[in-house]
Amino acid sequence: MACDESGNSHSTKTFKSIEFSSTPAPATADAMAKAHTRSVATVTYSDGSTAQYPLTYNKLFGVKDKVGGNAHAAGQLYNYKMEAIKDLMGQPVIAETPDANSLLSVGGNLFLVNHLEYDWLLSDGSTAYSKEGWYTRMPMSMLLTALTQASDGKLSIKSQRPIDFAGVNGLWIPCFGSQTPWNTHLGSEEDYDLQYNPLASNYTTTTAGLKALNEIYYKSEQTANPYHHGIIPEVTVNADGTTKVVKHYAMGRGTWEMSKVMPDGKTAYFGDDGTHGLMALFVADKSGDLSAGTIYAAKWTQTSAEAGGKANLTWVKLGHGTDAEIKALADAASFSSIFDATAPTSEACPTGYKRVRAGSTADECLIVRSGQYQAAAFLETRRYAALKGATTEFTKMEGIAVNAKDKRLYLAMSAIRDSMTDTSGEPANDIKLAKNSAGATYSADLQAGQKDSAGNAINSDYVATNMYVEAALLGEPLSAADALGNTANPEKIANTDNIFFAEKMRTLFIGEDSGMHVNNFVWAYNVDTKKLTRILSAVAGGENTGLQVLEDLNGHAYIMSNSQHHGDWDTGTNAVVDAALAKIDKFDANIGYISGLPAIK
C-alpha cells in the first residue's frame, strides 16, 4: 500500500489527480533493444497528500511462447478447420504482430482477447510479402487467454486457446479494437487488400488476398468472398471461457482500424486506415445491440489550414440496415453487380457517371445500379459516401477514443499527407492542409440535437460537429534526421496510432506506429494541464499496440501495451542503433502491460 511522505496510507482517501514523470528517450543499445518504462506516477489525493508509484513493464508472453496449455505457439495461424498453417519450409506460420487487447472481467474471471494482425516474417527470416511462391498476406486469428490476478496485482496465464472464426468466414488483418459498454470485445478487419475494384491497376492485391484465403484458409475446399471482410467483429466471452463471434454487417464495410462505441451504447465511430478514407458514424437502433442501425459519413468544411487544420462537420446519411439483410447482400454481391464503372478520361467521366476517389489515388467513374443502393451503402461504404458528397480524403485514420465528461472524441491521424493536402485534380478537394508526415491526434466536440445533410434528425447525443488539433498533439517532422536516425522530434508524438482515454485520470494515452522514431513510444496527455509525457519505450523498430487502460480492476490499475514487428529498422545509419538491432529477436513480439498503479477510483 502506497503512503505519503508522513507514512499515512491512502486507503480511505479520494483520488484527485495523477501526473507521470517522463521515461527518457533511449540512447544506449541496451535501452533501445527492450520495452521499458522509467516513469513514476504521482497521485494527488483530496486532502492534498501525494504518493509515488514507480511503473514497470511486464511481458505476459511472446508470440513464440507455448503457454496455458496451448498446443502451439501463441502467434500460430490456423485454417478454417483450426489446423496449424505451415510455410514453404514446413515450419509453423507465426504472426509477429500482436495488436488489440481487451482485458475483460466476466463473472469474476479474467480473460484477455488479443488480435494477431498480419504475418511479417517466415521461418527463414524472409518477409512474407517478398517470398517467391508464398502469399503476401495470411488469414489471421485472435487469442483468448485466461488470467489470474495475484494480491499484488501481478497477472499470470491460466489457459490459452485460439478463437475460431470459421463460422464468420474467417478473419483478415484485425488491427486495433475496443471494449463495448456491455463488456464485449469489438474487433476490426483492416482489409485494404480486398477493397480494390477490377479497374484498378493494383487489383492484383485483391486477387492475391483472395488466393491466400482460398488456398491457405479454405484449403481450396471453399471460395472466399471479399464482401465477407472489412466488417467489424464482436467477440462475447462467457464466464466459462466459451466465446461467441459475430460480424456486424450493419456497421458497413471498410478498412476499419477499429470502432469505438460511445457511452450511450449505440453510437459508434470508426478509424478508416488508408488513403482517401472516410469518417463514418453508426447509430444503432437500440443501445447494446449493434446488429441494426444507420450509417452516416462526414462532410469536412474547412475553416482553417493552420496547425493541423480546423473544420466543421456535417453528416450525410448513407442508409439503414441489419446484419441479416446486409449479410444476405454480401453473399451474392460483386463489384460489378453493385456498380456500373469505368475509368475517367482526362479527369472527366461519361454522362451520368460521377468521378470519385475513394480508397486509392485512382479516380473511378461510378453509377450505382438500380436496386443496389443498400448494397452500395453497406458493402462499398467509402465509394457510396463519395458518391453522396461526403468527404473521402482522410489519410491513415487510426484509433478512436472518447472523453465522456467533456463529450469529446479523439481521432488518431497517423499522417497528414496525400489526400489531406491541397491536391489539384481531386474530385472534391475538401481537405487542404499542409503535409505533416508525423501526423496529429484530432479532437471533435460531440453534441445532441443534430440533423443530417437532408435535415433529418440524427438519433444520437454524440454527434461530432467539428475537428481540430490541440497544440501538444501535433507531430513535428525534422528537416534532417538526427544522429540516431529519428526524422521526427523524439520529444513529441510521431504517427499516433492506438489511443485510449482514461476518464478518472483525465488522461489520453497515445501509442505510436512510426517509421520516424527509432523507438516508438507510449505517451500520456493530461487534458486539463495539457502536459504530454513519455511513459514507455518499445523495442527499436517495433510498433506500440494493444492500448487499453483499466483504472480499477480488483484494486489495481493497468495500462495494457503490446509491441509488434520488432527490429523493423534499417541498419547502417548509426552504430548504437545497429548494436541494438543485433540484440533483438525479430521473430518475437510482446503481449504485456504496465503495472505499478493503484486503483484509480
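It should be emphasised that the depicted structure is a prediction, and the values quoted were computed from it without experimental measurement.
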| Taking the side chain from Arg534 and the backbone from Ser22, do they hold a donor-acceptor pair closer than 3.5 Å? | no
| request: Before accepting this row, confirm whether a basic side-chain N of the pair Lys586/Glu96 lies closer than 4.0 Å to the acidic partner's carboxylate O. | output: no
| task | Kindly say whether the aromatic ring centers of Phe509 and Phe500 come within a distance under 6.0 Å. | result | no
| Atom pair CZ (Phe282) and CD1 (Ile295), whose distance is rounded to the nearest 0.5 Å | 7.0 Å
| remark: Here the gap from His228 atom NE2 to Leu171 atom CG, rounded to the nearest 0.5 Å, amounts to 14.0 Å
| said: Could you walk me through whether Glu234 and His248 satisfy the side-chain hydrogen bond (donor to acceptor under 3.5 Å, both in side chains) test, starting with their C-alpha distance in whole Å, then the side-chain angles of each, then the deciding distance to 0.1 Å, before giving a yes or no? | reply: CA-CA 7 Å; Glu234 182 178 6; His248 288 303; 2.6 Å; yes
| query | Can Glu476 and Glu491 be said to form a side chain to side chain contact (heavy atoms under 4.5 Å, CB included), step by step? | reply | CA-CA 9 Å; Glu476 184 183 309; Glu491 299 306 316; over 6 Å; no
| query | Does the Asn520 side chain pair with the main chain of Gly542, one donor and one acceptor, at a distance under 3.5 Å? | reply | yes
| said: Taking the basic N atoms (NZ, or NE/NH1/NH2) and the acidic carboxylate oxygens, is any pair closer than 4.0 Å for Lys299 and Asp430? | reply: yes
| query | Taking atom NZ of Lys310 as the centre, does the number of heavy atoms from other residues, nucleotides or ligands within less than 6.0 Å exceed 12? | reply | no
| query | More than 12 heavy atoms of other residues, nucleotides or ligands under 6.0 Å from CG of Asp570: is that the case? | reply | no
| Yes or no on side-chain hydrogen bond (donor to acceptor under 3.5 Å, both in side chains) for Asp497 and Ser414, after CA distance, side-chain angles and deciding distance? | CA-CA 6 Å; Asp497 190 335; Ser414 184; 5.9 Å; no
| Leu473 side chain near Ile493 side chain, heavy-atom distance below 4.5 Å | yes
| Is it the case that Asn101 and Asn562 place a side-chain donor and acceptor less than 3.5 Å from each other? | yes
| query | Under 4.0 Å between a Lys/Arg side-chain N and an Asp/Glu carboxylate O for Asp452 and Lys317? | reply | no
| request: List the steps and the verdict of side-chain hydrogen bond (donor to acceptor under 3.5 Å, both in side chains) for Ser514 and Asn495. | output: CA-CA 5 Å; Ser514 179; Asn495 307 116; 2.6 Å; yes
| Inter-residue atom distance Glu19.CD - Lys531.NZ, 0.5 Å rounding | 3.5 Å
| query | Are Lys260 and Phe270 in a cation-pi contact, defined as NZ or CZ under 6.0 Å from the six-membered ring centre and within 45° of the axis? | reply | no
| Test: Arg137 and Asp119 ion pair at under 4.0 Å | no
| task | Indicate whether the side chain of Thr207 and that of Thr204 have a donor and an acceptor atom separated by less than 3.5 Å. | result | no
| said: Check for me whether the distance between the ring centres of Tyr442 and Tyr468 falls short of 6.0 Å. | reply: no
| query | So which heavy atom on Ala448 is nearest to which on Asp461, and how close? | reply | CB-OD1, 3.3 Å
| From His517 atom NE2 to Lys492 atom NZ, the distance as rounded to the nearest 0.5 Å | 10.5 Å
| said: If we ignore hydrogens and angles and just use 3.5 Å, is the side chain of Thr423 paired with the main-chain N or O of Asp418 as donor and acceptor? | reply: yes
| Side chains of Asn312 and Thr301, donor plus acceptor under 3.5 Å | no
| said: Could you check whether any side-chain N or O of Ser460 sits under 3.5 Å from a backbone N or O of Thr267, counting only pairs where one atom can act as donor and the other as acceptor? | reply: no
| query | Side chain of Asn498, backbone of Leu547: donor and acceptor closer than 3.5 Å? | reply | yes
| Run the side-chain hydrogen bond (donor to acceptor under 3.5 Å, both in side chains) check on Trp523 and Glu512 step by step: do they pass? | CA-CA 8 Å; Trp523 302 82; Glu512 295 179 337; 3.0 Å; yes
| request: State whether Arg253 and Glu189 are salt-bridged, where the test is any N-O pair (Lys NZ or Arg NE/NH1/NH2 against Asp/Glu carboxylate O) under 4.0 Å. | output: no
| task | Check step by step if side chain to side chain contact (heavy atoms under 4.5 Å, CB included) holds for Tyr296 and Val316. | result | CA-CA 5 Å; Tyr296 301 85; Val316 179; over 6 Å; no
| Do Thr275 and Ser419 have side-chain N/O donor and acceptor atoms under 3.5 Å apart? | no
| In terms of side-chain heavy atoms, does Gln179 have a donor or acceptor partner in Ser102 at a distance below 3.5 Å? | yes
| task | Please report the closest heavy-atom contact between Phe378 and Gly321, naming both atoms and the distance. | result | CZ-N, 3.3 Å
| remark: d(Ile591 CD1, His115 NE2) to nearest 0.5 Å is 12.5 Å
| task | Would you give the length of the straight line joining atom OH of Tyr269 to atom CG of Leu409, rounded to the nearest 0.5 angstrom? | result | 6.0 Å
| message | When you measure from the side chain of Asp406 to the backbone of Arg408, do you find a donor-acceptor pair of N or O atoms at a distance under 3.5 Å? | response | no
| Where the side chain of Asp482 meets the backbone of Asn486, is there a donor-acceptor pair that is under 3.5 Å apart? | yes
| task | Mind checking salt bridge (charged side-chain N to carboxylate O under 4.0 Å, His left out) for Glu470 and listing every partner two or more places apart, or none if nothing turns up? | result | Lys530
| message | When you measure from the side chain of Ser188 to the backbone of Cys175, do you find a donor-acceptor pair of N or O atoms at a distance under 3.5 Å? | response | yes
| task | Verify, without hydrogens or angle tests, whether Ser39 (side chain) and Ser21 (backbone) share a donor-acceptor contact under 3.5 angstrom. | result | yes
| message | Closer than 4.0 angstrom, basic N to acidic O: yes or no for Arg357 and Glu364? | response | no
| In this structure, are over 12 heavy atoms from other groups packed under 6.0 Å from Asn466 atom CG? | yes
| request: Given ring-ring contact (aromatic ring centres under 6.0 Å, His included), test Tyr593 with Tyr558 step by step and report yes or no. | output: CA-CA 7 Å; Tyr593 63 97; Tyr558 301 90; 5.6 Å; yes
| query | Heavy atoms, side chains only, cut-off 4.5 Å: are Pro98 and Val63 in contact? | reply | yes
| request: Work out which heavy atom in His566 is nearest to a heavy atom in Ala589; give both atom names and the distance. | output: CE1-CA, 3.5 Å
| request: State plainly whether the residues Glu380 and Arg382 are in salt-bridge range, i.e. N to O under 4.0 Å. | output: no
| message | Which heavy atom of Met251 sits nearest to which heavy atom of Trp256, and what is that distance? | response | O-CZ2, 4.2 Å
| message | Looking at Lys405, I'd like to know if its NZ atom is crowded, meaning that more than 12 non-hydrogen atoms belonging to other residues, nucleotides or ligands lie closer than 6.0 Å. | response | no
| query | Are the side chain of Ser178 and the backbone N or O of Ser259 linked by a donor-acceptor pair below 3.5 Å? | reply | yes
| message | Go through it in stages, so that I can follow the logic: the residues are Lys396 and Asp513, the test is salt bridge (Lys or Arg N to Asp or Glu O under 4.0 Å), and I'd like the CA-CA distance, side-chain angles, deciding distance and then a yes or no. | response | CA-CA 11 Å; Lys396 298 294 293 175; Asp513 174 13; 5.5 Å; no
| said: Does any part of the side chain of Leu210, heavy atoms only, come nearer than 4.5 Å to the side chain of Leu194, both counted from C-beta? | reply: yes
| query | If every non-hydrogen atom of Gly399 is compared with every non-hydrogen atom of Ile499, which pair is closest and at what distance? | reply | O-CD1, 3.4 Å
| message | If you compare all heavy atoms of Tyr57 against all heavy atoms of Ile594, which two are closest, and at what distance to 0.1 Å? | response | CD1-CG1, 4.1 Å
| query | If we ignore angles and hydrogens, is there a donor and acceptor under 3.5 Å between the side chains of Asn429 and Asp422? | reply | yes
